[in-house]
Amino acid sequence: MNTSSVAFVLGGRTITLDFHDGGGYTPTTTVLNYLRSLPDRKGTKEGCAEGDCGACTVVLGELSPRDGTIRYRAVDSCLLFLPMIHGKQLITVEDLRDENGTMHSVQTAMVETDGSQCGYCTPGFMMSLFSLYKNSNHPSRLDIDDALTGNLCRCTGYRPIVEAAARSCVNPSSDHFTRDETRIRGLLGSIGHASIHIRTATHEYFRPTSLGEAISLKHQHPEAVVISGATDTALRVTKNHETLRTIIDISDLDELKTVSEDENSLRIGAGVSLQNLVSCVKDSFPALYDMLNVFGSLQIRNMATLGGNLATASPIGDTLPVLMAYGAKITLESLNGRRELPLDTFFTGYRTTQRKTDEFITSLTIPKPSPDDVIRSYKVSKRRDLDISTVSAGFKLELDNGGVVNSVTLAYGGMAPKTQRALSTEEFLTGKPWSRDTVENALDRVDRDFSPISDVRGSAEFRRAVARNLLLKFWSETGTNGE
């Protein structure tokens with residue numbers, strides 16, 4: 001059964017929005033703009049409308065499919081379309097105090113540590129602290145920094161805010177959200193999970209409940225924009241003011257959120273969030289883990305999906321070079337069947353791929369490296385966190401017992417219209433000793449493999465220098481006795 005309305009929990013009660021009732025909302029109205037339209041939800045602020053500043057941070061409460069408890073995650077409301085919160089609890093800064101008006105412990109800590117000056121960014125910080133409070137007991141400094149990476153403060157400074165996090169998230173006691181969880185679980189459970197089909201004068205929005213239904217819809221509407229986390233697509237609305245006429249929202253498909261592992265490989269569903277992916281790859285794929293730790297912010301990683309990161313085909317997508325280095329394969333599905341492609345052949349040009357208009361990316365398979373493989377990932381950007389890379393790289397090396405290169409993969413982002421390998425450099429290095437002389441002789445070939453452009457992130461010559469130096473750095477980390 002299809003429904004044209006969405007429902008979610010806000011302020012402890014179920015809110016139902018029907019997009020045919022003339023309320024002024026469309027399927028691409030962001031949660032931020034919805035909240036700003038309400039008389040009592042002005043605490044959520046707009047700073048950048050592109051997920052960079054964190055002033056719009058809210059927390060979503062969702063029923064865990066494992067045990068039915070509510071799990072909380074901080075997200076940027078400026079990147080969320082209203083139908084994407086169907087069946088979820090929306091928590092804003094106004095909800096933090098309890099029914100008696102008593103401040104939440106993260107709010108009290110912020111006051112006691114003098115963590116706010118002008119106050120514009122403070123609601124977003126509070127929501128990030130609240131999410132940390134609900135997910136971490138005695139967080140480390142690294143955990144705190146990661147939780148706050150997506151929130152910018154221009155006047156207070158981060159020291160008192162970090163202190164507030166450390167003070168309030170130690171042995172957190174039961175708050176009023178915990179005490180009210182049983183009732184909220186009931187409200188969330190009572191919201192139907194039927195497919196959603198919203199049709200207005202300007203939009204048609206589909207939210208299927210199964211992969212089969214999604215594939216059928218894509219066959220019927222090959223022109224439709226597919227979203228899951230929408231961290232990239234939402235910018236077309238908030239920054240370019242586009243009207244996305246047909247949308248297929250696959251963010252609620254559990255079939256795409258599975259991770260399976262055997263002795264040979266790791267298979268990751270396209271709908272797995274990048275934050276959930278972090279813990280899955282820490283031990284077996286450390287180079288990917290390192291790259292994910294400098295990917296966006298926690299709010300972004302909580303929304304962005306692996307499939308979405310691949311589908312955007314950005315030439316500076318952080319995960320793409322390292323996934324190429326691992327030899328990953330991408331799986332595509334349509335009504336005509338399923339096919340698998342090596343990731344390094346999937347991208348055909350600037351934001352173009354081999355994916356057909358009726359196909360979905362359904363999973364990615366990463367072979368487990370052998371003990372003899374050496375794999376590294378690198379990202380060069382103007383700041384460490386929450387920044388677009390100027391140049392990124394994923395390298396893989398296998399040597400024989402004599403230190404000669406059996407095989408090498410050198411994948412770069414930011415050096416061409418697509419993420420691609422330095423094939424002539426790889427060919428030159430193969431069969432030669434892995435020595436400094438060999439690598440230095442290969443550096444000019446890196447220049448020949450790419451023709452980068454100049455833009456606001458770096459000049460073409462800077463990119464060439466970075467690409468050469470990253471290869472030399474890779475040797476310095478993997479060479480034997482400095483030879």
Side-chain angles (χ1 to χ4, degrees), residues 1-51 53-61 75-95 120 123-124 127 187-188 190-208 217 221 223-252 299 303:
M1 180 182 69
N2 284 315
T3 176
S4 62
S5 62
V6 300
F8 51 91
V9 174
L10 175 64
R13 62 188 183 93
T14 302
I15 305 294
T16 301
L17 295 179
D18 192 316
F19 292 88
H20 297 297
D21 64 3
Y25 307 122
T26 75
T28 58
T29 297
T30 63
V31 171
L32 168 63
N33 286 338
Y34 165 72
L35 291 170
R36 296 291 301 171
S37 74
L38 303 179
D40 56 349
R41 297 283 168 175
K42 304 295 188 183
T44 306
K45 301 293 194 292
E46 177 179 323
C48 65
E50 58 186 30
C53 73
C56 71
T57 302
V58 297
V59 170
L60 294 181
V75 296
D76 292 312
S77 62
C78 70
L79 301 178
L80 274 176
F81 297 143
L82 270 174
M84 296 174 69
I85 64 170
H86 177 74
K88 299 176 174 57
Q89 180 186 15
L90 175 60
I91 304 171
T92 71
V93 68
E94 290 84 3
D95 298 311
Y120 192 88
M127 299 314 297
L187 292 178
L188 294 176
S190 67
I191 295 174
H193 291 283
S195 303
I196 294 174
H197 179 198
I198 301 168
R199 179 180 290 168
T200 69
T202 54
H203 297 85
E204 192 163 19
Y205 192 105
F206 298 95
R207 185 178 168 91
L217 285 170
H221 304 276
E223 81 289 351
V225 175
V226 178
I227 63 171
S228 186
T231 54
D232 188 70
T233 302
L235 301 182
R236 294 171 58 182
V237 176
T238 63
K239 309 305 286 188
N240 295 342
H241 307 292
E242 290 185 43
T243 298
L244 306 180
R245 298 196 176 277
T246 308
I247 297 173
I248 300 175
D249 176 2
I250 59 172
S251 61
D252 204 33
Q299 291 99 312
M303 299 170 61

Derivation and outcome, side chain to side chain contact (heavy atoms under 4.5 Å, CB included), residues L35 and L90: CA-CA 10 Å; L35 291 170; L90 175 60; 3.9 Å; yes

Apply side chain to side chain contact (heavy atoms under 4.5 Å, CB included) to the pair V225 and T246, showing each step before the final yes or no. CA-CA 6 Å; V225 175; T246 308; over 6 Å; no

M84 and D249: side chain to side chain contact (heavy atoms under 4.5 Å, CB included), yes or no, with the steps? CA-CA 8 Å; M84 296 174 69; D249 176 2; 3.5 Å; yes

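Nearest heavy atom pair, residue P208 against residue S195, reads CA-OG, 4.2 Å. When all heavy atoms are compared, the tightest approach of M303 to V75 is CG-CG1, 3.6 Å. Between H193 and D252, the closest heavy-atom pair is ND1-OD2, 4.4 Å. In plain terms, the two heavy atoms of H221 and F206 that are nearest each other are NE2-CZ, 3.5 Å. The two atoms that bring G124 and T57 nearest to each other are O-CB, 3.7 Å, heavy atoms only.
A donor-acceptor pair under 3.5 Å is absent between the side-chain atoms of N240 and the main chain of E242, judged by distance alone. At distances below 3.5 Å, not a single donor-acceptor pair connects side-chain atoms of T243 with backbone N or O atoms of R245.
For E50, the side-chain contact (heavy atoms from CB on, under 4.5 Å) criterion is met by C48, D52, L235, K239, not counting sequence neighbours. Partners of P83 by side-chain contact (heavy atoms from CB on, under 4.5 Å), not counting sequence neighbours, listed by chain and number: V6, F19, P27, F81, I198, Y205. E204 meets the salt bridge (charged side-chain N to carboxylate O under 4.0 Å, His left out) test with R199; sequence neighbours excluded. Under the side-chain contact (heavy atoms from CB on, under 4.5 Å) criterion, A7 pairs with T14, T16, H86, I191, not counting sequence neighbours. Here C78 pairs with L32, C56, D76 under the side-chain contact (heavy atoms from CB on, under 4.5 Å) rule; sequence neighbours left out.
Between I227 and I250, every side-chain heavy-atom pair lies at or beyond the 4.5 Å cut-off. Annotation: side chain of L244 is in contact with side chain of T233 (closest heavy-atom distance under 4.5 Å). L38 has its side chain within reach of L10: a pair of non-hydrogen atoms, C-beta onward, lies under 4.5 Å apart. L188 places a side-chain heavy atom less than 4.5 Å from the side chain of V9.
Sequence neighbours left out, the pairs with a member in residues 30-43 that pass side chain to side chain donor-acceptor pair (under 3.5 Å) are Y25-S37, T30-N33, R41-T92, R41-D95.
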